[in-house]
Amino acid sequence: MRFTVAIDGPAAAGKGTIARAVAERFDFHHLDTGLLYRVVARKLLDLGRLDDAESEAPVLAAGLSEADLALNGLRDDPVSEAAARIAVLPEVRNALIGFQRWFAGREGGAVLDGRDIGTVVCPDAEVKLFVTAAEDIRARRRYREMHGRGETLTPDEVLQTIRVRDALDTGRGVAPLRQAVDAVLLDTSELTIESAAARAVAVVEKGLGRGR
Ligand code: C5P
């Protein structure tokens, strides 16, 4: 069976947790597509070549392997911002799209979460979700998560990093973050992550023809 679930939304809205819950519930493959951009950013930072991103990032993106997704430090804050910066480059996006489409078409069903899955990568996905939450709530969640990892940004600095990323992701010319017209909106501002995941599972059940 081939069945694709596309989950998009801004940083810290809960889409990663929801995507993992959906994948686990239906035993689908899961790809966090943000990791692809993070791997390219991490490698550029390690090489000290962020200033040459325009020429270097497409080459790194083209050479990316699945094993790279397990690299250390992909969630670090400098990597997050660098990932959003290289994600504006069309050549980088083009180099990564083939792998994402291959993954989406895998036998057994697939869940992909990111920014442009329902709009660009998999416009024909059987189920599309757009997961969002108020900016201050996303900033608070990210702050708690970062603190748990021992990172030392203040709540205000975290809010600023979220704003910078939102601006880059929604304002870029290619594949900007936006809700696909046929996506179901899931606002998690007032929801626990468990109830948000349960709602997403119900939408997928319906898409599979199993829901009421
Ligand atoms: O989802 P995550 O926060 O890990 O993504 C890191 C960055 O990668 C995002 O801020 C965004 O700029 C970029 N990205 C993207 N398209 C995707 C997934 C991530 O542009 N499908």
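Numbers here are sequence positions counted from 1. Atoms within each ligand, like the ligands themselves, are counted from 1 in listed order.
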Protein residue, atom and distance nearest to [atom], heavy-atom basis:
atom	answer
atom 16 (N) of ligand 1	Arg93 NH2, 3.0 Å
atom 13 (C) of ligand 1	Ala87 CB, 3.8 Å
atom 12 (O) of ligand 1	Asp169 OD1, 2.5 Å
atom 17 (C) of ligand 1	Arg115 N, 3.4 Å
atom 18 (C) of ligand 1	Thr33 OG1, 3.4 Å
atom 5 (O) of ligand 1	Gly34 CA, 3.5 Å
atom 4 (O) of ligand 1	Arg38 NE, 2.6 Å
atom 6 (C) of ligand 1	Arg165 NH1, 3.5 Å

Go through the side-chain N and O atoms of Ser189 and Asp187 and say whether any donor and acceptor fall under 3.5 Å apart.
yes
If we ignore angles and hydrogens, is there a donor and acceptor under 3.5 Å between the side chains of Arg178 and Thr170?
no
Please table the atom pairs, donor to acceptor, closer than 3.5 Å between any side-chain atom in residues 57-74 and protein atoms at least two apart or in another chain.
residue : atom : partner : partner atom : Å
Ser65   : OG   : Ala67   : N            : 3.4
Asp68   : OD1  : Lys43   : NZ           : 3.3
Asp68   : OD2  : Lys43   : NZ           : 3.1
Asp68   : OD2  : Ser65   : N            : 2.9

For [Y], is there an ion pair with [X] - N to carboxylate O distance below 4.0 angstrom?
X	Y	result
Arg75	Asp32	yes
Asp166	Arg138	yes
Glu81	Arg85	yes

Within the structure, is a non-hydrogen atom of Asp116 found at a distance of less than 4.0 Å from ligand 1?
yes
Any N/O pair Asp113/ligand 1 closer than 3.5 Å
no
Hey, is ligand 1 close enough to Arg172 that some N/O pair sits below 3.5 Å?
yes
Is a side-chain N or O of Thr188 found less than 3.5 angstrom from the main chain of Ala133, in a donor-acceptor match?
no
With Asp136 via side chain to side chain donor-acceptor pair (under 3.5 Å) - residues at least two apart
none
Correct closest heavy-atom pair for Val201 and Phe26 would be O-CZ, 3.7 Å
Check: of Ala83, Ala13, Ala175, min heavy-atom distance to atom 7 (C) of ligand 1 comes from Ala83
Proximity of Arg85 to ligand 1 by residue part, where a heavy atom lies under 4.0 Å:
neither
